[in-house]
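All values reported here derive from a predicted model rather than from experimental measurement.
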Amino acid sequence: MTRTARPAPTHVQNPLPRATALETAQVLRDVQAPMIAKGPIIRRPRVVGVIERFGLEGRAVARMQALSDRYGSGPLMLAVPGRDIALVLDPEHVHRVLAETPEPFAPGEMLKRNALKHFEPEVALVSHGTERAQRRRLNEQVLDDGHPVHRMAGDFLPVVEQEAVALLETADRAGSVLAWDEFKAAWYRVVRRVVLGDSAADDTELTDLMEKLRADGNWAFFKPVDTRARAELHSRLQAALDRAEPGSLAAFMARADAGPDDSPINQIPQWLFAFDPAGMATFRALALLAAHPERMAQARREVAARASESVSEQATGQASGPSGGAAGRAAGSSGTAPLKPLGLLRATVLESLRLWATTPMLLRQTTREVGFDHGVLPAGATVLIFAPFFHRDDRHVEVAHRFAPELWDPDRTAEAGAPVGWPLVPFSAGPGICPGRHLVLLLTSSFLARLIGDREIAVASHRLDPEHLPSLLSNFALEFRLS
């Protein structure tokens, strides 16, 4: 009997450009190794310091620029034995990959799944199909996706106010010096109170447990899952859901319309996880303002204007009804009228994330063969978008190495310093965009607003050149002098 030969896969007939073995080794050394070494799930402070000192993230961008010059739009396949890995080189391909999530570009890439299984194996971020859709919907509902000001802002902002004031008092007692450890402690108090409720304000054991599991996640599949520690974390989070303290996201989650496969307990660790890099971005944003006095003055005028509007609205009886949160009642400011976002401070946090990306690698995995202009990407391939390459590509972005909050003006044009539609993706984009981005920006910008309100702030640890900001700024080494 004659057998009919099967046709070769399309990607074999029409392959994408492939890097040489030497170029692949250079990418692994210059791009991937530093990202892995500093910790993809939780940062390793000493490694971050080394990468900052030697400008290794700048070298990674330069390596990507060289590949782009040689191979054009790509995507470029790396010569990694046994695995299909593609580097995205073209801005339009960034938009396509992110817009076509989760099919055919699934966010649950293999390495990501193995990293997150240490503390949130059923999180929406690495789920598929119906489960992903349900869990994503739950996250969007609780995090109030799509609204610049969360509906529970009246509860959250007094928490920010209280903890920022306490942090400034701590800095005053320390000789008017503000360092990372004190900032982090105050920021995590905000996070625990907002996510879990006021009773969790001092629960540093929960934070330590979360950090331990995230450190395990840095090793992905190279380290066994500590199932006992993970179960303890989930038990603590379930207790917070059961308490459902008024004014917390846990209470909002407890009231949400969760489906049978939504796994609420697996969604909460992601919020705690995401607020850590948000704190890093906030501390770096403070450095940007301190290094640009004219922007600092502009931000203070914006804060004063919003405070004046709030007082005026309360005096004329335009405030909405109270939300009833414990934090809001304690501060006496729950029930204010809908807040206008702090435009410059939000843009400053976004610039901090553009200049020093806290999620430098956006990962996807193809669910089937995908055609591009220059070839076909095979099914099951890992797709890498190295965000700093696009954020700091000075061949196309005029302000690549400068503080340019105008980039985040919704009506920005090419004159703002980047081509229209250029991929600036601090929170990813498309259907996989971070559903908590607006809440993050609300809390970070409000925390900044209180810190800069009545203090002169100078960077004491670094000399920042406004015309060429460093490729990485270690938040762990940052220190400010207040007066």
Side-chain angles (χ1 to χ4, degrees), residues 6-19 24 27 32 35 40-41 73-118 120-140 145 217 220-221 259-263 266-267 270 359-387 390 423 425 427-435:
R6 292 184 179 180
T10 308
H11 72 269
V12 175
Q13 302 173 31
N14 187 20
L16 287 165
R18 181 171 290 270
T24 298
V27 169
Q32 290 192 292
M35 302 305 108
I41 305 299
S73 62
L76 177 65
M77 302 300 296
L78 299 180
V80 178
R83 290 192 61 194
D84 291 315
I85 301 177
L87 276 179
V88 177
L89 303 176
D90 186 85
E92 290 303 316
H93 292 165
V94 174
H95 292 305
R96 178 185 176 186
V97 169
L98 298 180
E100 296 180 11
T101 295
E103 292 288 343
F105 299 102
E109 188 270 340
M110 182 266 294
L111 283 173
K112 192 190 300 184
R113 293 198 310 272
N114 279 280
L116 297 185
K117 71 182 181 182
H118 288 270
E120 50 183 23
E122 297 177 7
V123 68
L125 192 62
V126 294
S127 300
H128 299 282
T130 302
E131 288 182 345
R132 179 189 182 276
Q134 288 181 287
R135 293 165 186 171
R136 173 79 190 190
R137 179 196 54 80
L138 179 62
N139 277 273
E140 290 175 348
D145 178 54
F221 49 74
D261 298 318
D262 286 6
S263 187
N266 273 266
Q267 314 315 309
Q270 180 63 25
T359 306
M361 282 288 187
L362 303 179
L363 303 176
R364 296 291 186 269
Q365 188 165 316
T366 54
T367 59
R368 56 173 170 77
E369 289 188 344
V370 184
F372 287 87
D373 290 343
H374 297 91
V376 177
L377 188 59
T382 291
V383 182
L384 303 179
I385 297 173
F386 185 52
F390 298 97
V425 287
F427 290 103
S428 189
I433 195 169
C434 173

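Of all non-hydrogen atoms in Pro104 and Val370, the two that sit nearest each other are CG-CG2, 3.6 Å. Counting all heavy atoms, side chain and backbone alike, Ala106 lies closest to His128 at CB-CE1, 3.7 Å. Closest of all the heavy-atom pairs between Ala115 and His118 is O-CD2, 3.4 Å. Summarising the geometry of Phe390 relative to Val88, their closest heavy-atom pair is CZ-O, 3.8 Å, with the distance given to 0.1 Å. Here the closest non-hydrogen pair linking Ala19 and Leu78 is CB-CD2, 4.3 Å. The shortest non-hydrogen separation linking Val94 to Pro423 is CG1-CB, 3.7 Å.
In this structure, Glu120 contributes its side chain and Gln270 its backbone to a donor-acceptor pair below 3.5 Å. Side-chain atoms of Thr366 come within 3.5 Å of backbone N or O of Pro378 as a donor-acceptor pair. No donor-acceptor pair closer than 3.5 Å links the side chain of Lys112 to the backbone N or O of Val126. Within the 3.5 Å criterion, the main-chain N or O of Pro75 finds no donor-acceptor partner in the side chain of His374. Remark: side-chain polar atoms of Arg136 are not paired, donor with acceptor, to backbone N or O of Ala124 under 3.5 angstrom.
Under the 4.0 Å criterion applied to side-chain N and carboxylate O atoms, Arg135 and Glu131 are assigned as salt-bridge partners.
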task: Give the C-alpha distance, both sets of side-chain angles, the deciding distance and a yes or no for side chain to side chain contact (heavy atoms under 4.5 Å, CB included) between Met35 and Gln32.
output: CA-CA 5 Å; Met35 302 305 108; Gln32 290 192 292; 5.8 Å; no
Worked check of side chain to side chain contact (heavy atoms under 4.5 Å, CB included) between Arg132 and Thr101: CA-CA 11 Å; Arg132 179 189 182 276; Thr101 295; 4.3 Å; yes
Step-by-step side chain to side chain contact (heavy atoms under 4.5 Å, CB included) determination, Val425 to Leu98: CA-CA 10 Å; Val425 287; Leu98 298 180; 4.0 Å; yes
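Legend: residues meeting ring-ring contact (aromatic ring centres under 6.0 Å, His included) with Phe221, ordered by chain and number and at least two apart, are absent. With sequence neighbours excluded, the residues forming a side-chain hydrogen bond (donor to acceptor under 3.5 Å, both in side chains) with Gln267 are Asn139, listed by chain and number.
In summary, the side chains of Thr382 and Arg83 do present a donor paired with an acceptor at a separation below 3.5 Å, with no hydrogens or angles considered.
Considering Leu87, Leu377, Ile85 as possible partners of Met77, the one that fulfils the side chain to side chain contact (heavy atoms under 4.5 Å, CB included) test is Leu377.
To the nearest 0.5 Å, atom OG1 of residue Thr24 and atom CZ of residue Arg18 are 8.0 Å apart. Here Ser428 contributes atom OG and Arg364 contributes atom CZ; the two are 4.5 Å apart, rounded to the nearest 0.5 Å. Here the CZ atom belonging to Arg137 is positioned 13.0 Å from the CG atom belonging to Asp145, to the nearest 0.5 angstrom. Atom CG of Leu116 and atom CG of Asn266 lie 10.0 Å apart (nearest 0.5 Å). Once rounded to the nearest 0.5 Å, the distance linking NE2 of His93 with CG of Leu76 reads 12.0 Å.
Side-chain contact between Met361 and Pro40: absent, with no pair of heavy atoms (C-beta onward) separated by less than 4.5 Å.
Note: Phe105 and Phe372 have tilted aromatic rings, judged against thresholds of 30 and 60 degrees for the angle between ring planes.
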